[in-house]
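Right, one structure below, let's go through it.
Since the model is a prediction, treat every value here as computed from it, not as a measurement. Residue numbering restarts at 1 for every chain, and letters A, B, ... go by the order of the sequence lines.
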2 protein chains.
Amino acid sequence: MGKKPVLNMADLAERAGVSMASVSRALSGAPGVSEATRTRIRTLAQDLSYTVSPDAARLARGSNGRIAVVTPDVAHWFYASMLDGIVTALHDSELDVLLYEVQEERERRRFFDELPARRQVDALVLIALPISDDERSRLDLMGVPVVMAGGTLGDHPHVRIDDAAAAHQAAAHLVGVGHERIAMINATGHWTLEYAAPSERLHGFTRALHDAALPLDPELVVTERWGSGGGAEAMSRLLGLSRPPTAVVAFSDEMAFGALRTLRRAALRVPQDMSVVGIDDHSVADMLDLTTVQQPVVEQGRVAGLLVREVVEHGAARSPYVTLPTHVVVRGTTAPPPPAPGALG
Amino acid sequence: MGKKPVLNMADLAERAGVSMASVSRALSGAPGVSEATRTRIRTLAQDLSYTVSPDAARLARGSNGRIAVVTPDVAHWFYASMLDGIVTALHDSELDVLLYEVQEERERRRFFDELPARRQVDALVLIALPISDDERSRLDLMGVPVVMAGGTLGDHPHVRIDDAAAAHQAAAHLVGVGHERIAMINATGHWTLEYAAPSERLHGFTRALHDAALPLDPELVVTERWGSGGGAEAMSRLLGLSRPPTAVVAFSDEMAFGALRTLRRAALRVPQDMSVVGIDDHSVADMLDLTTVQQPVVEQGRVAGLLVREVVEHGAARSPYVTLPTHVVVRGTTAPPPPAPGALG
DNA sequence: ATGCTCTACGTAAGCGCTTGCGTGATGACG
DNA sequence: CGTCATCACGCAAGCGCTTACGTAGAGCAT
C-alpha cells in the first residue's frame, strides 16, 4: 500500500543521504553546499525526475515566479500580438504567466471584485485596458506592481506609441500626395470607459491639417463604434455628404477595412476615387494592400515583458516609460486626388 | 515595526472570534459551520478584503484550481481563437489558466525537459500541438490529465474537426459548380513533427475526385510550407503547368490568401479564370470574399474548456471525443470554369 | 597544543492553509 | 429524566518547502 504518488523533497533527501536543507540549497543554487554534494543531488534529482513544488516553495519563501496578464480579448489581433510579445520576453525567465481575459462588463466586475490573481502573482501586466479610479484602488489591494502595455496608467511603468503622432503621420501623408479634403473615421469604445487613443488621434489629425493650413470641416470627422463594421458605416456616412472627402484617415486598420468594403460595394475605385490610410499595420493590411501607419505591437509587448521582469527582479525598472515610434507604410490605397470637377488644370 | 503586510487567516479568525478551522470552512463552503457564523465570517472577510491564499490552500489540499494551456503561437489567428474559446469556457469556473507558448524548437525542448507546469496544474490543454512519443512520456510524468484541442493524442480526450470531410466538402463544391481539373495546395509543417491534417485533407480531396469519377492528376497536388507565402508559391507553380487547373482547394484560408495574391499579380480574374476555396473561415476570409469551408474554431476551444473542466471536476469526461461539423460558405471566389478552349458549346 | 575562522551540513521553526478527530451543547426520543 | 444522535466548533497534524541558527570538523596561525 501507499507510497506517495509523487516524490517529495524528503524522499530525495533520504535517498541522497543528506538533509532536506541541503537538497533545497543544492537545487536552488543557494550557497552552503559543496560543489560535489550539489552535483550529486542534482544528478539524482534529474534521474528521479524530481521537481521542487513551486507552490510549496512559493509559500515558504513568500511569493515568487508568476505574473498575471490581463487582456480584453485573447483572440483579437492587437491584444494577441501584445500577449505574444510579452510571453516571448518572458521565455528565458523563470516567470510563468497566468492569463485573464476581461471581455464583458460581467467578467470585468468579477475580476476587480474577486481579484482572482490576488496572492498568486508578483506583478500584473495590463494590455491596453482602460481602468477607472475605483478599479485602480482595487488593483492596489493586490499589493503588486502593475505595468501597462499599450497605454498609460497613472505613474505605473508603461509602453505605448504616440497616438497623436501616428494620426499626424497618416494625415500628413495624404496632404503630401495632394489631398485637401481629408476625413477622419474615429472610433468610440465599447465600454463605458474610454480609451485615450481616439481623442489623441483626433488631435494629431487636427494638428496635421492645421500644420498644412487646411481648414477642418467638422462634417468630415465621423465617429463610429470600433471595428470594421463601424468603419463601413462611417464611410457610408462620408459618401452621403454633399461634398465627400477625397481621402480618409481611419482610426485603425480594422476600421479602414470596413471603409474599403463600403467603397468596393459603392463601386468606387481605391485609390483613384478615394484614398484610405489606416493605423496599425495589421497583419492583413499587407494582403489588402492598405497604406497605413505602422505601430510595433509585438515589440510593445516585448518591452512590457522586459519591464515587468525588471520590476519583479529589481523592484523597479530603469526606464519605466517607453514610447515606441510609428511610421507610414505606403501601399496601394493612397494616391493623389482626382482632378476637381470643373478645375482649371 | 512589524504587522504582517497582508492579513492571513489566523488574523481573520481572531477578529471574528472563531478558530481558523471555522474560517476555512465558512469561506470554502464546506459543511460544519452554522449559516449565521458563515455569513458573519464572510462579511468580515469582505470588509477586510481578505482572500484565501490559493497557494497555501492548494498545498494543504494537494492540488487545485489551475490548468495549463500550451499553444504553438499566441498571436496566430487559429490558436488565438482556440485559446479564446478555452478561457471563455473557464470564465465561470474556479480554474485559472497558466499559459505556455512553445514556438521554436528550443522552447519546445525546454518545455518538455523542465516541465515548468509540473506540480502547478491539475490538467493540461494542448492546442493543436503534434507530440512525439518521447514527449508524451514526459507529459505522463506530470501525472495530470491532458486534453487535445484541434487534433488527437492517443486516447486522451479531444475536440477536432473531420479534416478529410472538410477537404471533401471543398472539392465537392468545386465539382458541383462544374470544375473537372481541380488542384490542391497542401501544407507541410514547420517542425519535424507532422500534423495529421495535411494528409487527412489530401485524402478527403482525393476521395471527392474519386466520388465524382474525376481523374487525379498528380501534378495538381502541390505542397508548400504552411502560411500565405507557401500558398503564393504553390499557386505560381500551378500556373506554370502546361495545363493549369481551373480551380484549387487550399489547405487553409491563409494559403488561399497567398494564392489569391499570386493570381492578382498574374492579372488573372477570380473567379472567372480561376476558382479558389479555402478551409477555416478565417476572420479575414469574409473581407477578401473567399469561399471556404468553415470550421468552428472558437467553439472547439470552448468544448476543450468544458472537457477539461469535466476532467478536473469529475475525473473524467462523459463524452471525451468530440468532432465538430464543418460546412461550405460560398462567397465570391468560386464560379463555374471558363469554357474550355476549343470546346463545342 | 590552543584558539580562531571558515565551510558544509543538519535541526527545526515556520509559510498559510485544510481536515480528521474530539468535545460540549442541543434536541429527539423512549 | 436518561440516552444518543446530531451539530457547531476547536485542536492539531500535516502539505512540501525555505532559511535562521547551531554545530562539528578542517585549516591555519601562534
Side-chain angles (χ1 to χ4, degrees), chain A residues 2-42 44-45 48-66 94 118-122 142-143, chain B residues 2-42 44-45 48-66 94 118-122 142-143:
Chain A
K3 297 215 56 161
K4 301 269 176 39
V6 14
L7 200 80
N8 61 27
M9 190 178 275
D11 300 334
L12 218 214
E14 189 180 333
R15 303 205 195 188
V18 296
S19 70
M20 278 180 62
S22 294
V23 174
S24 175
R25 289 192 268 253
L27 261 24
S28 72
V33 263
S34 66
E35 264 329 297
T37 313
R38 187 186 301 272
T39 312
R40 192 162 51 82
I41 292 178
R42 285 201 164 159
L44 187 59
L48 270 39
S49 85
Y50 165 81
T51 318
V52 168
S53 155
D55 287 299
R58 149 179 282 255
L59 180 56
R61 183 184 299 145
S63 154
N64 214 308
R66 220 145 46 208
E94 297 291 87
R118 187 151 188 224
R119 302 177 102 195
Q120 300 214 65
V121 300
D122 293 344
M142 292 184 56
Chain B
K3 295 215 59 162
K4 300 271 175 37
V6 15
L7 201 78
N8 60 27
M9 191 178 275
D11 300 334
L12 218 215
E14 189 180 333
R15 303 205 195 188
V18 296
S19 68
M20 278 179 62
S22 295
V23 174
S24 175
R25 289 192 266 254
L27 260 26
S28 72
V33 262
S34 65
E35 265 328 298
T37 314
R38 188 186 299 272
T39 312
R40 192 161 52 81
I41 293 178
R42 286 200 163 159
L44 188 59
L48 270 41
S49 85
Y50 165 81
T51 318
V52 168
S53 155
D55 287 300
R58 148 178 282 254
L59 181 56
R61 184 185 298 146
S63 153
N64 215 306
R66 217 144 49 206
E94 297 291 86
R118 189 155 187 220
R119 281 146 131 325
Q120 299 214 64
V121 299
D122 293 343
M142 291 184 58

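Contacts of A:R38 with the nucleic acid, taken as non-hydrogen atoms under 4.0 Å apart, are absent. Among the atoms of the strands shown, only primed sugar atoms or phosphate atoms (P, OP1, OP2) are found under 4.0 Å from some heavy atom of B:T37. When heavy atoms are screened at a 4.0 angstrom cut-off, B:S22 is found touching the sugar-phosphate backbone but no base atom. Contacts of B:G32 with the nucleic acid, taken as non-hydrogen atoms under 4.0 Å apart, include base atoms. Among the atoms of the strands shown, base atoms are found under 4.0 Å from some heavy atom of B:A21.
Between C:dG10 and A:S19, a contact under 4.0 Å exists linking OP1 or OP2 to a side-chain N or O. Within the 4.0 Å cut-off from OP1 or OP2 of D:dC9, at least one side-chain nitrogen or oxygen of B:S34 is found. At D:dG16, none of the side-chain N or O atoms of A:Y50 fall inside 4.0 Å of OP1 or OP2 (strictly under the cut-off).
Just one residue in the list B:M9, B:R25, B:E14 forms a side-chain contact (heavy atoms from CB on, under 4.5 Å) with B:M20, and that residue is B:M9.
Summarising the geometry, the separation between CG on B:L59 and P on D:dC17 is reported as 9 Å, rounded to the nearest angstrom. We find that CG of A:D55 is positioned 14 Å from C1' of D:dT18, with the value rounded to whole Å. The CZ atom of A:R58 sits 15 Å away from the P atom of D:dC17 (whole-angstrom rounding). The nearest whole Å value for the distance from the CD atom in A:E14 to the P atom in D:dG16 is 14 Å. Atom CZ in B:R61 sits about 6 Å away from atom P in C:dT19, given to the nearest Å. Distance, A:L27 CG to C:dC9 P: 14 Å, rounded to whole Å. Between B:D11 atom CG and C:dC17 atom P there is a gap of 9 Å when expressed in whole angstrom units. Straight-line distance from the CG atom of A:L7 to the C1' atom of D:dG16: 12 Å, rounded to whole Å.
Fit an axis to the five pairs at each end of the helix from C:dA1-D:dT30 to C:dG30-D:dC1 and the two axes sit 40° apart, to the nearest 10 degrees.
Looking at heavy atoms from C-beta onward, A:R66 lies out of side-chain contact with A:D122 at the 4.5 angstrom threshold. Annotation: side chain of A:M142 is in contact with side chain of A:V121 (closest heavy-atom distance under 4.5 Å). Looking only at side-chain heavy atoms (C-beta outward), B:L59 and A:R58 stay at 4.5 Å or farther from each other. Residues B:Y50 and B:L27 have side chains in contact (heavy-atom distance under 4.5 Å, counting atoms from C-beta outward). No side-chain heavy atom of B:S22 sits under 4.5 Å from any side-chain heavy atom of B:R40.
Here the closest non-hydrogen pair linking A:S19 and A:A13 is C-CB, 3.8 Å.
Distances were taken from every side-chain heavy atom of B:A57 (C-beta onward) to each of C:dC17, D:dC17, C:dC15; the shortest belongs to C:dC17.
Comparing A:A60 and B:R40 by the nucleotide of DNA chain D that holds the closest heavy atom to each, the one mapping nearer the 5' end is B:R40. Both B:R25 and B:R119 lie near DNA chain D, and the one whose nearest nucleotide falls closer to the 5' end is B:R25.
In summary, the side chains of B:S53 and A:R119 do not present any donor paired with an acceptor at a separation below 3.5 Å, with no hydrogens or angles considered.
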